[in-house]
S.K.: 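Please read through the structure below; I'll follow up with questions.
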Amino acid sequence: MAEKTETGSMTNFIYYMIKEDLEKGLLKDKCVHTRFPPEPNGYLHIGHAKAILLNYTLARLFSGKFNLRFDDTNPIREEQEFVDSIMADIRWLGADWGDRLFFSSDYFDLKYQFAVRLIEAGRAYVCDLSQEEIRDYRGTLTEPGKESPYRNRTVEENLELFNRMRNGEFPDGSRVLRAKIDMSSGNLNMRDPVIYRILHTPHHRSGDQWCIYPMYDFDHPFSDALEGITHSLCSIEYADHRPLYDWIVDNAVELFPEVVQFRSRQTEFARMNLTYTVMSKRKLRRLVEEKYVQGWDDPRMPTIAGLRKRGFTPDAIADFQERVGVSRAESTADLALLEHCIREELEITASRLMAVLDPVKVVITNWPSGQTEMAEMENIPGNESAGTRQVPFSGEIYIEREDFMEDPPKKFFRLAPGREVRLKGAYIIYCQEVIKDAGGNVTELRCSYDPQTKSGADTSGKKVKGVIHWVAIEHAARITANLYDNLFTIENPEEERDIDFTDNINPQSLVVCKDVPAEPAVAEAAPGSRFQFLRKGYFYLDPKSSAAGQPVFNRIVKLKDTWAKVKKKG
RNA sequence: UGGGGCGUGGCCAAGCGGCAAGGCACGGGAUUUUGGUUCCCGCAUUCGUAGGUUCGAAUCCUACCGCCCCAGCCA
C-alpha cells in the first residue's frame, strides 16, 4: 500500500474544491453527497472504477453520502443483467451505497411533471421536425442554427401535444419535446436540445408504463438535484453540457420548488486510459463478440469482472487509482503501475508454493533409491507468523526447462553441464549428464547431490549463485495454469488508425499449461486464494474454473524478472 | 471559420509569484537459499513556444503552436 495520510492520497483538485465549498458554507445544511450513475448497458471496466472510487471515497472522507443510481432512460439498450453485474462489481470494489440504490426511471413521473412546468413557463415545446430536419436546423460547428417552425406554439397546444405523446398517440420519431434555449449558441448543446423522445419500447423496470423517455441532458441534472447530490462528478466530455445542466437545475429550482431545492453542481475530471488495452465499450464488445476473449469476465479484459477473475484485489485497484490521481488532463496510466500495486500487496500476503510450469526431468543419481525427505520451507519469507510447510523431496524431480542451459553465457547462474545450483530449501546439485532425444531436445538431466549441502544445515562451505525451484515427481499434484499476458502487443492498440486494433492482439495473451506438477500442498488451497508460485508469479485459484480435484490457477502477474532484462540486452 | 478542455521528465502527478514534491518506469550499487523482496544512489538548471510584467515567473499578461471533445430523438 502507498503511504497513507488521513485522506489516503485522495488530495486532488476535487477534494480541495469540496473542502472550500464546505468552508464557504455553500452546501448550506447539506452534507457532501455524491453518486455513481452507470447506464445498465454493459460491464464496468477499470476506468469506471476510478469514478466509483472517487465518488465513494470523497463522500466517505467528508462523512457524506454516496448514491448508486442507474441512468436507465433508454430502454432500447438497457437490461437487468447489466444492473446485476454492475451492482456485483461495485460491491466487490467496496463502494457501499447503503440503502441509497436508485433508478432514474423511479422518477419518470416527477420528470414528466417538470417537463409540463417547463412547457407552462414557455420554456419547452413540442417539435414535429423529423430527425434529419432537426439535424439540419441545428446548424454546424461554425454556423448558427435556425429556429424550428414549431418553436412558438402556444402553451395550450404544447401541453396537449405532449400529453398525447405520453398517451401513445404518435409513432416513434414523429415528435419530440425540446427545451427552448438558443439556436445561435456556439455551444450545440444549447440549441434547443431534445429533452423527451417517443419510444414505444418496454422498460426493464417501468414496463410499458411509458412510451416517452427523457434524454440524458434533461434527466441527469434533475435526478441529481432531486437526490440532493451536492457534487455531480463526471468525465470531461460533459464539460460543454454544463451550461445545460445548470439551465435544467435552475429551472427545476424555480419551477418545481416543492421537490427540488438544491442546486447540484457538475465538476468534470479526465477519464483514464490504460496501456496495452482498450477501454471503449464498443471495442470491448467486439473482443467478446468476435471471440478474441472468452467473455466480459475474461481475465485479459480490463473489466472489473475480468480483473476479479484474473485475481486482482479491490485494495490493489484502489491503491492504483489513488496513485494515478485525478486531474483534467487526458491520461494513459501505465499498466506497470497496476502490476506494481498488486505485487506489493501479494508480496506480503500470498503464501509461496512451488510449481514447475515447463518441466524437465532431473534424476539425482546418488540419491538413496525410494527415499523421500521433507524440506521445510517458509510460507511467506520475512513473516514468521505465516509459518512453514514440509515439501517432499526425492530422487526424481522436475525443474523448469529454462533453468537449464547447455551452453550458458557467463551471467547465467542456473544449471548447466558441469555446474552447480541450489534446489530451493533442499540440496545443491551438480549436473553430470544431459540426455536428449533424436531431435536434440533435452529429455532428462542426470545430476548428483551433495549431502553436505542440506538447506539450513550446509556444512560444505559451497557458494552457488543460483537457486531454483523444483517439484518431486513422485509426490507431485497436477494443476492447470492459465498464463495470462497483455491482450495487446503495443502500449496503445489504437494508435495506428489505418489498421484495426484487433491486429495488435497478442497471440500469446493466454498460454494454458495443463498437468503442471506442483507440490502437494496445492491440493489444500482454498478456491479464491492467491499464491506466489516461487520465481514464476502470483496466481489466483479461480473458483469459477476449478472443479473438485482439478484446480485451475490464473496468473495474476509475473514476478519482476531482472534476468529477462539481462538476456534481452545480450 | 464556432464552442469547450488540456499541455510540468518515458507514464501519471504535486505546485497557485520566492527559486521543480511524490509514485511508477528506467540506470547503478548493497543485501538475499525466489536473478523476488528490502536498502542505498542516480534520473526536468527546467515546466508546449516566443515575448512581456516583476528584484524574482511553471505560477501573472500577450501572442502563437500542439493535442482532445462537441453537429444522437445515446449516456
Side-chain angles (χ1 to χ4, degrees), chain A residues 2-3 9 11-12 37-39 41 71-74 76-78 127 129-131 134-136 138-145 172-178 185-191 193-199 213 215-217 219-220 234-243 268 270 272 275 281 320 322-341 343-344 347-348 352 354 377-378 381-382 411-414 422-426 428 453 455-456 458 464-469 491 532-537 559-567:
Chain A
E3 185 132 5
S9 312
T11 47
N12 50 63
E39 183 186 15
N41 74 337
D71 245 346
D72 55 349
T73 58
N74 185 350
I76 294 170
R77 346 198 289 172
E78 294 152 11
C127 183
L129 255 25
S130 69
Q131 192 154 191
I134 286 184
R135 192 190 312 129
D136 289 344
R138 186 155 33 225
T140 69
L141 294 178
T142 54
E143 299 156 22
D172 289 5
S174 59
R175 276 176 238 263
V176 292
L177 185 69
R178 294 227 253 167
S185 171
N187 182 344
L188 304 229
N189 297 118
M190 300 300 270
R191 320 241 263 227
V194 171
I195 58 178
Y196 260 96
R197 78 287 216 185
I198 301 170
L199 248 31
Y213 293 92
M215 297 286 290
Y216 169 87
D217 280 316
D219 182 275
H220 201 88
C234 63
S235 51
I236 211 117
E237 64 263 34
Y238 290 100
D240 48 12
H241 291 241
R242 196 185 332 130
E268 311 87 20
M272 183 193 70
T275 55
K281 236 173 228 181
F320 169 66
E322 288 191 357
R323 289 179 190 240
V324 167
V326 180
S327 76
R328 293 178 64 92
E330 186 185 49
S331 71
T332 302
D334 196 337
L335 216 214
L337 180 58
L338 211 212
E339 295 183 338
H340 168 82
C341 291
R343 284 195 195 105
E344 188 174 67
E347 161 67 21
I348 56 171
R352 313 284 120 129
M354 292 195 292
M377 298 182 69
E378 297 172 287
K411 299 271 213 131
F412 187 78
F413 302 147
R414 284 110 92 151
R422 172 171 291 283
L423 297 174
K424 175 78 180 174
I428 291 176
T453 59
S455 184
D458 191 331
V464 290
K465 289 209 92 171
V467 179
I468 63 174
H469 59 103
E491 280 201 12
Q532 183 195 112
F533 285 173
L534 223 61
R535 303 207 306 135
K536 299 274 51 168
L559 253 36
K560 284 213 267 181
D561 190 352
T562 307
W563 170 239
K565 280 185 206 164
V566 174
K567 256 194 311 193

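Naming: A, B, ... by sequence-line order, numbering from 1 per chain. FYI, side chains are in, hydrogens and waters are out, and symmetry mates aren't considered; it's all heavy atoms of this structure.
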S.K.: Could you tell me how far B/G7 sits from B/C47 if I compare only their C1' atoms? Round to whole Å.
M.R.: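 The answer is 10 Å between these two C1' atoms.
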S.K.: What is the distance from CE of A/Met354 to P of B/G36, rounded to the nearest Å?
M.R.: 18 Å
S.K.: Is there a donor and acceptor pair closer than 3.5 Å between the side chain of A/Glu347 and the base of B/G36?
M.R.: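 Donor-acceptor pair under 3.5 Å: yes.
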S.K.: Is B/G72 in the syn range, within 90° of 0, or in the anti range?
M.R.: syn
S.K.: Taking only the side-chain nitrogens and oxygens of A/Thr11, find out if one of them lies under 4.0 Å from OP1 or OP2 of B/A14.
M.R.: no
S.K.: Can you tell me if A/Arg197 uses its side chain to pair, donor with acceptor, with the backbone of A/Gly173 under 3.5 Å?
M.R.: no
S.K.: Taking 4.0 Å as the cut-off, does a side-chain nitrogen or oxygen of A/Arg328 come that near to OP1 or OP2 on B/C6?
M.R.: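 For A/Arg328, the contact criterion (side-chain N or O under 4.0 Å from OP1 or OP2 of B/C6) is met.
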S.K.: Let me know the distance between CD of A/Glu39 and P of B/G72, rounded to the nearest Å.
M.R.: 18 Å
S.K.: Check whether A/Thr275 reaches the backbone of A/Asp334 with its side chain - one donor and one acceptor, N or O, closer than 3.5 Å.
M.R.: no
S.K.: Please check: side-chain N/O of A/Glu78 versus main-chain N/O of A/Asn74, any donor-acceptor pairing under 3.5 Å?
M.R.: yes
S.K.: Determine the interatomic distance between C1' on B/C6 and the same-named atom on B/C24; round to the nearest Å.
M.R.: 22 Å
S.K.: Taking the P atom of each, how far is B/U46 from B/U54, in whole Å?
M.R.: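 Between the two P atoms, the distance is 24 Å.
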S.K.: May I ask you to decide if A/Thr142's main-chain N or O and A/Thr140's side chain share a donor-acceptor pair within less than 3.5 Å?
M.R.: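 Indeed, once roles are kept as given, a pair shorter than 3.5 Å links the two residues.
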S.K.: In whole angstrom, what separates A/Phe320's CZ from B/G23's P?
M.R.: 17 Å
S.K.: Are A/Tyr216 and the base of B/A75 stacked, counting only ring centres nearer than 5.5 Å and planes tilted under 30°?
M.R.: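 No, the aromatic ring of A/Tyr216 does not stack with the base.
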S.K.: So, the side chain of A/Asp71 versus the backbone of A/Tyr216: is there a donor-acceptor pair under 3.5 Å, distance only?
M.R.: no
S.K.: Whether A/Ser327 contacts B/A13 is assessed here as follows: a side-chain N or O lying under 4.0 Å from the phosphate OP1 or OP2. Is that the case?
M.R.: yes
S.K.: For B/A71 versus B/G15, give the span between their C1' atoms, rounded off to a whole number of Å.
M.R.: 38 Å
S.K.: Strictly by Watson-Crick or wobble contacts shorter than 3.5 Å, is anything paired with B/C67, and which nucleotide is it?
M.R.: B/G5
S.K.: Between B/G72 atom P and A/Leu188 atom CG, what is the distance in whole Å?
M.R.: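 In whole Å, B/G72 P lies 8 Å from A/Leu188 CG.
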